[in-house]
Amino acid sequence: MRYSERELLSLSRQPAEKAAEILMRVPKKGSVLKKRLVKLVVNFLFYFRTDEAEPIGALLLEHCRITKEEENVFSISFIEEPDRKYSFECDTEEQCQEWIEALRRASYEFMRRSLIFYRNEIQKMTGKDPLEQYGISEEARFQLGTRKL
């Protein structure tokens, strides 16, 4: 999926689900940990120089793996490019765990699975499909797997 620089800049200015200044290492050879303002907005993780208002980069949190590396260190790598790993060092283990949980909940796939789970729970309780009233209950994106006709 492609995004224009203007769209990303606009999104980066939206209220964040989570934001903090933490140490970050990008996957460039010889890269060192640098303090960055890291901001989670929807399913994008923006990172900024601490003294600048515009982001210097953004990670789309889809098809990625978030891994706890050490007590207060986590990383983000991408399934298609496992060698492209971004590392983050938090002040505390608790802060690290909070970031990991927030990042894992940010993906579209996590939100889709949650919607399907709660849709099924509501349907069990009420006997009605809660999406039916919106005319979208048969859309493929709201189905658990492939449907048999």
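Predicted, not measured: the structure shown is a model, and the values here were computed from it. This chain uses plain numbering: 1 for the first residue, then up along the sequence.
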How long is the gap from CD on E5 to OG on S12, to the nearest 0.5 Å?
-> 10.0 Å

Salt bridge (charged side-chain N to carboxylate O under 4.0 Å, His left out) evaluation trace for E89 with K35 | CA-CA 9 Å; E89 186 175 316; K35 185 165 265 211; over 6 Å; no

Could you give the distance from CZ (R119) to CD (E132), rounded to the nearest 0.5 Å?
-> 9.0 Å

Side chain proximity check, V38 to L45, heavy atoms < 4.5 angstrom | yes

Mind checking whether F44 and F46 have parallel, tilted or perpendicular rings, split at 30° and 60°?
-> parallel

Is the count of non-hydrogen atoms from other residues, nucleotides or ligands lying under 6.0 Å from E94 atom CD greater than 12?
-> no

Step through the shown structure and confirm whether more than 12 heavy atoms of other residues, nucleotides or ligands are within 6.0 Å of NZ on K68.
-> yes

First locate atom OG of S75, then atom CZ of R65, and finally report the distance between them rounded to the nearest 0.5 Å.
-> 9.5 Å

Any idea how F74 and W99 line up, ring-wise: parallel (<30°), tilted (30 to 60°), or perpendicular (>60°)?
-> parallel

Could you grab the distance from atom CG of L40 to atom CD of E17, nearest 0.5 Å is fine?
-> 5.0 Å

Backbone of Q14 reached by a side-chain donor or acceptor of K39 within 3.5 Å | yes

Nearest-0.5 Å distance, CG of residue L11 to CZ of residue R6 | 13.0 Å

Is a side-chain N or O of T126 found less than 3.5 angstrom from the main chain of I122, in a donor-acceptor match?
-> yes

Criterion salt bridge (charged side-chain N to carboxylate O under 4.0 Å, His left out) on E121 and K124, from CA distance to verdict = CA-CA 5 Å; E121 291 298 303; K124 284 181 204 172; 3.2 Å; yes

Exercise: do N72 and Q95 side chains pair donor with acceptor under 3.5 Å = no

Run the side chain to side chain contact (heavy atoms under 4.5 Å, CB included) check on R49 and R36 step by step: do they pass?
-> CA-CA 5 Å; R49 289 186 179 93; R36 296 285 183 234; 3.5 Å; yes

Please tell me if the side chains of I76 and L61 come closer than 4.5 Å, counting only heavy atoms from C-beta onward.
-> yes

Report the C-alpha distance between K85 and E69 in whole Å, list the side-chain angles of each, state the deciding distance to 0.1 Å, and finish with yes or no for salt bridge (charged side-chain N to carboxylate O under 4.0 Å, His left out).
-> CA-CA 11 Å; K85 185 158 89 170; E69 302 283 344; 3.4 Å; yes

Indicate whether the side chain of E21 and that of T50 have a donor and an acceptor atom separated by less than 3.5 Å.
-> no

Nearest 0.5 Å please: distance from the CG atom of D83 over to the CZ atom of F78.
-> 13.0 Å

